[in-house]
Each structure stands twice: as structure tokens, then as C-alpha cells.
Amino acid sequence: MKSLIAILEERISEAMRKAIGLADCPAMVMVSKNPAFGDYQANGVMAAAKQAKTNPRKLAEQVVETLEIEDLCEKPEVAGPGFINLRLKPAFLGNRLLGMFADDRRLGIDPAPRPQTVVVDYSGPNIAKEMHVGHLRSTIIGDTIARLLEFEGHTVIRQNHIGDWGTQFGKVILALWHICMAENLHKNEKSYYDIDLIKDFPDNQNLTAYFDQIIKRHQEDWLADSKDIKGDGELYFHPFLKEFSQRSETLWPALLKAYQYVNLLDESFKGMNRTIETRVKDGNNQFIYNTIPYESLTRHITVMLQHGGKDNKQERKAWEEVKKLTLDECNKIYKKLSIQLTDEHVRGESFYADKLAGVVEALKARGLAVESEGAMCVFPEGFVNKEGTPLPFIIQKSDGAYLYATTDLAALRYRIQDLKADRIIYVTDARQSLHFKMLFAVARAAGWADERIVLEHVTFGTMLGEDGRPFKTREGGTVKLKDLLEEAVEKARTVVEEKNAELGAEQKERIAAAVGIGAVKYADYSNNRDSDYIFSFAKMLAMDGNTAPYMQYACARIRSIERKAAGKGVDIERDLAGIEQLALGDPAEVDLAKKLIQYDQAIEAAAEQHRPNHLTSYLYDLAQAFSRFYNACPVLQAEADRRPTRLLLCDLTARVIGHGLGDLLGIESPPQM
RNA sequence: GUCCCCGUAGCGCAAUGGAUAGCGCGUUGGCCUCCGGAGCCAAAGGUUAGAGGUUCGAGUCCUCUCGGGGACGCCA
């Protein structure tokens with residue numbers, strides 16, 4: 001069905017054209033906020049009258065005169081300075097409902113007339129790190145944006161821009177190597193890579209001595225892991241990597257620990273002047289052995305990884321295994337959260353690694369990239385720093401390395417040229433807004449994104465704890481997403497136990513998962529994403545108010561009516577099968593019906609501005625309208641001539657809420673709770 | 001210093017430039033022999049941080065001030 005707003009817009013706009021003679025007369029139709037003003041209102045007359053220099057009220061009356069709309073509405077009324085108020089005819093309202101009812105898949109909502117190809121970039125976890133609360137908002141907001149646009153009929157390409165290539169990779173590989181050595185050569189040293197041991201060291205002198213031991217051990221292990229030539233890793237590291245994937249479950253926590261250990265060593269060794277021997281290829285392709293500062297070892301390994309080739313196979317293999325391991329962990333969380341991201345959507349930094357030189361070259365060739373203080377920079381127009389001098393967008397560091405700016409440019413180019421994006425949406429927190437502004441400016445200047453391509457940075461605020469400060473553990477650490485979700489489910493479990501103890505264990509578990517996870521997501525979605533928001537289990541799990549459990553309950557209650565029908569001698573299928581017109585009589589029925597046909601508007605508002613709170617607030621209004629109806633109008637006990645209408649209202653309400661929660665927000669609504 | 005976001009009822013939050021600024025919690029009062037009371041109805045509670053401006057119309061747009069958060073050359 002064509003959107004009702006669009007129909008009204010067309011009719012009134014046409015009448016305005018006739019009345020006023022202007023070519024472009026937007027009627028500006030919207031749902032009335034106040035029922036006293038009818039169901040829909042047109043606000044366009046005032047602006048048009050201004051333009052045509054006539055009296056707005058008179059013009060409105062003229063428009064109403066010529067307006068042909070009797071098939072939809074009662075006689076329109078002119079109110080205030082020139083509003084046109086419209087009240088739907090019950091017969092038309094009934095037909096709209098029947099149209100929704102008949103369409104299982106789309107509830108009578110037409111897809112967008114001009115579908116676009118939209119890339120949505122969201123989530124973006126980092127390799128060898130656990131997802132934490134900082135990833136939550138990007139992941140779930142991005143996911144619903146993708147779902148909304150897809151439902152509207154656009155071709156959505158999800159992109160998970162994971163951090164899998166930066167300088168941290170040397171650290172990750174080294175971490176793996178430490179795990180390997182701990183297993184093979186230091187089985188009896190319990191705390192080989194225990195960071196707490198370092199953190200808690202009482203005095204500096206002993207700490208230095210301890211670090212010297214670490215280096216000594218490191219050097220000896222490296223030499224020990226040699227078969228054909230020094231440092232080839234053939235004895236231990238290669239076999240370790242070979243069997244790595246079979247052991248992923250146990251290796252994940254070890255990797256996280258070892259990674260932190262390497263990080264801490266890197267930090268700690270700065271300025272200590274310690275060195276370690278390592279190998280590199282010389283000009284004749286022969287290995288030579290050099291000592292390098294210990295703290296630059298991880299960078300050295302990163303370089304080997306990035307060189308690739310035969311000699312650096314162990315680095316490559318280690319990287320692949322860690323990447324796989326991390327993605328497996330992310331996928332578990334995505335699954336738990338009903339996030340529609342899988343490995344096929346992964347296009348991480350490594351994917352663009354071989355395109356970075358080309359990006360810099362192209363920008364140089366266009367004269368956009370210039371050298372400044374040793375680094376290669378673009379100075380997009382309109383950006384100045386604190387001194388008022390042009391602000392650089394650095395695309396290559398003075399040591400030749402590329403940065404995320406370079407990667408983002410390569411990604412943007414790929415998305416437009418290869419993925420054929422008409423529109424790219426980046427979902428990251430607000431702190432990166434300057435970066436994206438500059439990124440877009442450079443892409444425009446380079447001609448990679450012409451003015452038809454829409455580039456959007458969708459931002460969101462910070463998640464705060466109940467104390468109003470950034471969300472942290474009691475000890476001040478970052479909260480792991482896994483733990484947060486587990487706690488939510490745990491809390492939901494006790495609620496389910498309290499309310500419905502007689503359900504089966506397995507069913508209770510499913511409900512707890514749906515309610516707990518749903519609560520976390522819904523709480524985020526129902527807030528305006530620009531504001532910081534206070535994360536509170538108590539609030540999000542509350543049974544009243546605009547929360548997931550309330551919405552899920554509303555759904556369950558309707559399905560409960562359907563379950564009870566047979567017992568009361570009501571055959572729902574038969575009642576609904578022959579329905580040709582509705583008997584909307586009670587005000588509560590009419591209000592609910594009017595709310596139901598506004599579903600398309602809620603989706604449009606949420607999709608257009610990427611604001612899921614428009615959808616949640618609609619769903620909540622709908623649930624409230626249903627509650628009023630439910631209170632006022634018996635369904636199963638209703639007289640035979642009114643019952644089919646009421647059953648249909650029940651069914652449609654359940655379907656709309658189920659669709660909004662399930663298909664668009666990715667929140668399950670269990671049939672019973 | 002420049003730029004970005006936020007400031008709305010006691011608290012937590014809404015509000016595509018539209019009419020009388022909404023919702024929840026909390027507070028006060030009312031409703032039920034009834035399909036799941038995890039409900040419904042109502043009341044009280046506001047100078048939308050402040051001052052100007054644009055507009056037929058401003059919580060929303062512009063300028064300034066105050067308060068909170070964030071970003072600003074080789075991290076992502």
C-alpha cells in the first residue's frame with residue numbers, strides 16, 4: 001500500500017497548486033500530535049500563503065474547497081492561522097487495517113521507490129582484544145540502521161572494519177610466541193607472562209633485575225627454537241601454530257593475558273637501553289643477525305608480518321590464527337545480540353593494506369598531499385588548528401608508515417568504486433567526528449566521492465555508570481561485553497523465576513536470554529543516541545515504562561489470548577478468514593487502529609535520521625493503546641459481530657510489535673514469559 | 001584558544017520549524033466478579049540554562065554568555 005502520508009501529501013499539494021498557481025506546494029502533512037486537531041494535519045498552507053502574499057486562513061479555506069478527499073477523510077477543517085485538520089473515515093481506516101493484515105511479510109508497507117546501495121560500517125572490534133562496552137553502541141545502533149534501511153528496500157552492505165593490521169600486530173604475534181615458549185620450555189614456571197607480577201613489584205631495582213631475567217630468557221628461548229638456521233622457529237613455534245586452531249577455546253584467555261604482558265613490557269622497556277638479537281635479510285637475501293632495542297622488537301615483528309613472503313610465514317600464520325580466534329569470539333557475541341554480522345562482512349584494515357600506497361600516490365598526483373614536518377599530509381579547506389594554521393589530515397607518518405586516515409580513505413574508495421555505494425554510513429562514537437569531517441572533505445576534494453554520494457557519520461554519546469561517570473568496573477577497568485550480557489541475562493533470570501516459576505527450565509532460560517539481552521539493546525535504542533546515557537540494569541529490566549520487558553510482555557499477553565481462544569469456543573482462523581470489513585466502534589478500538597496504520601511513519605522517521613528511538617517510542621505508544629483497548633474491550637467474550645474486528649486488532653498489534661522488535665531491532669519476543 | 005555534542009518537571013528521558021512541550025519513575029487519588037493487575041483512569045509537578053535575533057510560528061535555526069563532556073600532527 002502506498003503510504004497514507006504520501007497520499008494525503010499528493011492530494012493536498014495538488015489542491016494547493018490549483019488554488020495558488022505555484023508549481024511547488026509542499027502540503028507538509030504529518031500525524032497530529034494532539035487528537036483535538038484530528039488524525040493528520042497539513043501545515044504547508046501558511047508557508048505557501050506567505051510566498052504568494054495572501055491570507056493563509058483564506059487560502060486554507062480555498063484549498064479545502066477544491067480538495068478531493070471524501071474517500072479518505074471527513075470534511076477537512078481549517079484551524080488556527082491556516083492548519084488543515086483531517087479526520088479519517090472509519091471505513092477507510094478499516095480498509096488500511098485489512099491491507100496490513102493481508103500482507104504477512106511487509107504489513108502493507110511499500111519499499112522505497114528509489115532503492116540505493118548503502119554501506120553501513122559498524123562494530124569494528126580489534127583483533128586480540130575482547131569486545132567491551134565501548135563496542136556495544138556502535139554494534140547495536142549500526143545493526144538496526146542496517147535492518148531499517150534493508151526493510152525500506154535498499155541494498156545494504158554491512159562492513160565490519162576490524163582492527164587487524166596496526167602496529168599492535170607485532171605484539172600479538174610475540175604474545176603467541178610467549179605462550180608457545182611457556183608451554184614448551186617453561187612448563188614449571190606458573191607465571192611466565194603474569195602481568196600482576198610486574199605491576200606489583202615493590203621497588204625499581206628488583207624490577208630492573210627481573211626485566212633482565214626476562215630478556216635473558218627471551219633470548220635463550222629464541223635461540224633454542226631453531227632447527228636449520230638460527231631463529232627459524234621450526235622446533236616449537238611452527239608446530240604450535242599448526243595445531244592452534246584445534247585449541248582455540250583454551251588459547252583465547254591465554255592470548256589476552258599474554259598480549260597485555262607484551263604491551264606492558266613494551267611500555268616498561270622504554271628508556272632502559274636493553275637490546276635483543278634478531279634476524280633480518282640483507283641486500284643479498286641472506287639473513288644477518290643484529291641487536292635491536294628490546295622495545296622496538298614488536299615493531300620489527302610487525303614489519304616482518306607486513307613484508308610477508310616465505311621467510312615470514314610464521315608471522316603470517318600467527319596473524320591468521322589470531323584473527324580467526326578473535327572473530328570466533330566476536331561471532332559468539334553477535335549471535336547472542338542478534339547482530340547480523342558474519343565473517344563475510346569483515347573488511348578489516350589488512351584488506352586495504354596493499355591499497356594504501358596507491359591512496360597516497362593518487363593524492364600526491366592531484367597535488368592534494370604535501371609533505372609537512374616530514375609527514376605526508378592533506379590540508380582540506382576550512383580546517384584550522386589552535387594556532388589558526390591549516391589542520392593536517394596525516395596520511396603517511398614521517399617513518400613511512402600509514403595511518404587509519406589512509407586506511408579509511410582506501411576503504412571509502414573501495415566502497416564507492418567496487419561496492420558501488422550511493423551512500424556510506426559510519427557508526428562510531430562522537431569523538432571521531434573531526435576525523436570523519438576531514439575524511440569526507442578529502443574524499444570530495446580528491447573526486448572519489450562526488451556530490452551525489454552521501455557520506456554520513458552517525459555518532460552516539462558515552463555510556464555512563466549509575467554514578468554518572470563513564471561506565472567502568474568497580475576497579476576502574478573496562479567492562480567486557482560478554483560479562484555485561486551475562487549479568488543482564490542473570491538478572492532477567494531471577495525476574496522470570498519470580499514471576500513465572502512453573503515454566504520449564506529450558507523455557508525459562510530462553511525467556512531470560514530474550515529479556516536480558518533485549519533489555520540492554522532496547523534501553524540503548526530508546527534513548528536519543530546523541531546523549532550520553534546512564535546504564536542501569538534496574539531501569540532497563542523494569543516491567544513498566546518504555547522497556548523491553550514491558551514490550552515483550554505486551555506481546556506475550558496478546559498471544560495468551562490466542563492460546564485461550566480454543567478453550568472458550570472461539571475459532572480464530574474462521575473468524576478472521578471471512579473478514580471483509582471491520583466494525584470499529586469503541587473509541588479504544590479506533591485509537592488502536594489509528595496507531596497501527598502509523599507504523600510506516602515510525603519506520604521512516606527512525607530510518608531517515610538513523611534514530612531508533614523513534615521506533616521504540618512508537619512501539620511503546622502502540623502497546624499503551626493496546627492496553628487501553630484490552631482494558632475496555634473484551635475479545636473472546638465479545639459478541640459475534642464485533643469479535644472478528646477485535647481479534648484482528650490483537651493479531652495486528654502482536655505482529656507489528658513482533659516485527660518492530662524482532663525484524664527491525666533484533667529483539668526476540670517470547671510467546672510466554 | 002578553535003571546533004563538536006549536551007543542558008527540558010524532584011529523578012530518568014522524548015519531541016521531522018507547527019497549535020495547549022510529552023512519556024516513565026516517584027508522589028496523591030480513583031477503577032477490577034472480566035481474556036495474564038507486569039494493567040487502566042486521573043491529579044499535582046515547566047520562564048525548555050540565560051540574553052538577544054530570524055520566522056506567520058522556535059525546545060528545535062542564527063549570535064553571544066554560563067555550566068557539563070569531548071576533539072584538535074605523526075594512536076585508532
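In what follows, chains are A, B, ... by sequence order, proteins preceding strands, each numbered from 1. In what follows, every heavy atom counts, from backbone to side chain, and hydrogens, waters and symmetry copies are set aside.
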Checklist line | A:F169 and A:W319 aromatic ring geometry - parallel, tilted or perpendicular at 30°/60° bounds | finding: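 A:W319 vs A:F169 ring planes: perpendicular.
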
Margin query: Would you call the rings of A:F436 and A:H457 parallel, tilted or perpendicular, taking 30° and 60° as the class edges?
Written below: tilted

Sugar-phosphate, base or nothing in reach of [X], heavy atoms under 4.0 Å:
{"X": "A:S560", "answer": "base"}
{"X": "A:M376", "answer": "nothing"}
{"X": "A:K437", "answer": "sugar-phosphate"}
{"X": "A:P56", "answer": "nothing"}
{"X": "A:N43", "answer": "base"}
{"X": "A:D429", "answer": "nothing"}
{"X": "A:F383", "answer": "nothing"}
{"X": "A:H435", "answer": "nothing"}
{"X": "A:L403", "answer": "sugar-phosphate"}
{"X": "A:C633", "answer": "base"}
{"X": "A:N528", "answer": "sugar-phosphate"}
{"X": "A:Y630", "answer": "base"}
{"X": "A:A49", "answer": "nothing"}

In whole Å, what is the span from the [atom1] atom of [X] to the [atom2] atom of [N]?
{"X": "A:N631", "N": "B:G30", "atom1": "CG", "atom2": "C1'", "answer": "13 Å"}
{"X": "A:H161", "N": "B:A76", "atom1": "NE2", "atom2": "C1'", "answer": "9 Å"}
{"X": "A:L391", "N": "B:G1", "atom1": "CG", "atom2": "P", "answer": "18 Å"}
{"X": "A:R431", "N": "B:C75", "atom1": "CZ", "atom2": "C1'", "answer": "12 Å"}

Among the nucleotides [options], which one has an atom lying closest to any side-chain atom of [X]?
{"X": "A:S627", "options": "B:C40, B:G73, B:A19", "answer": "B:C40"}
{"X": "A:S398", "options": "B:G18, B:C74, B:C35", "answer": "B:C74"}
{"X": "A:Q41", "options": "B:U16, B:A19, B:G37", "answer": "B:A19"}
{"X": "A:D530", "options": "B:C40, B:C35, B:C5", "answer": "B:C5"}
{"X": "A:K33", "options": "B:C13, B:G59, B:G37", "answer": "B:G59"}
{"X": "A:L636", "options": "B:C13, B:C35, B:A38", "answer": "B:C35"}
{"X": "A:A375", "options": "B:G39, B:C74, B:A76", "answer": "B:C74"}
{"X": "A:N85", "options": "B:G70, B:C40, B:A19", "answer": "B:A19"}
{"X": "A:R557", "options": "B:A15, B:G39, B:C13", "answer": "B:G39"}
{"X": "A:I534", "options": "B:A76, B:C13, B:A38", "answer": "B:C13"}

Next item on the list: Please state whether the base of B:A38 and the side chain of A:Y553 form at least one donor-acceptor pair under 3.5 Å?
Entry: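 When only heavy-atom distances are counted, A:Y553 does not reach the base of B:A38 through any donor-acceptor pair under 3.5 Å.
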
Would you say the rings of [Y] and [X] are close, in the sense that their centroids are separated by under 6.0 Å?
{"X": "A:F393", "Y": "A:F383", "value": "no"}
{"X": "A:Y522", "Y": "A:Y525", "value": "no"}
{"X": "A:Y352", "Y": "A:Y414", "value": "yes"}

What distance, rounded to whole Å, do you find between the two [atom1] atoms, one in [N] and one in [M]?
{"N": "B:A51", "M": "B:U47", "atom1": "C1'", "value": "13 Å"}
{"N": "B:G26", "M": "B:A44", "atom1": "C1'", "value": "12 Å"}
{"N": "B:U55", "M": "B:G69", "atom1": "C1'", "value": "32 Å"}
{"N": "B:U63", "M": "B:U27", "atom1": "C1'", "value": "42 Å"}
{"N": "B:G59", "M": "B:G7", "atom1": "P", "value": "14 Å"}
{"N": "B:A71", "M": "B:G10", "atom1": "P", "value": "32 Å"}
{"N": "B:U60", "M": "B:G24", "atom1": "C1'", "value": "23 Å"}
{"N": "B:U8", "M": "B:G50", "atom1": "C1'", "value": "14 Å"}

Note to self: Do A:E608 and A:H614 pair up side chain to side chain, a donor and an acceptor below 3.5 Å, judged on atom types alone?
What the structure shows: no

Next item on the list: Return the stacking result for B:G18 and A:F83: yes when the ring centres lie under 5.5 Å apart and the planes under 30°, no otherwise.
Entry: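 Check failed, A:F83 does not stack on base of B:G18.
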
Item checked: Structure string for RNA chain B in dot-bracket form, Watson-Crick and G-U at under 3.5 Å, | interchain -> (((((((..((((....[...)))).(((((.......))))).....(((((..]....))))))))))))....

Notebook entry, point to check: When you check the gap from the basic side-chain N to the acidic O, do A:R137 and A:D429 get nearer than 4.0 Å?
Noted result: no

Note to self: Quick check: do A:K508 and A:R493 have side-chain heavy atoms less than 4.5 Å from each other?
What the structure shows: no

Checklist line | CZ/A:R559: more than 12 non-hydrogen atoms of other groups inside 6.0 Å | finding: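 Count over threshold, so yes.
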
Notebook entry, point to check: Are any side-chain N or O atoms of A:N160 and backbone N or O atoms of A:G124, one a donor and one an acceptor, separated by less than 3.5 Å?
Noted result: yes

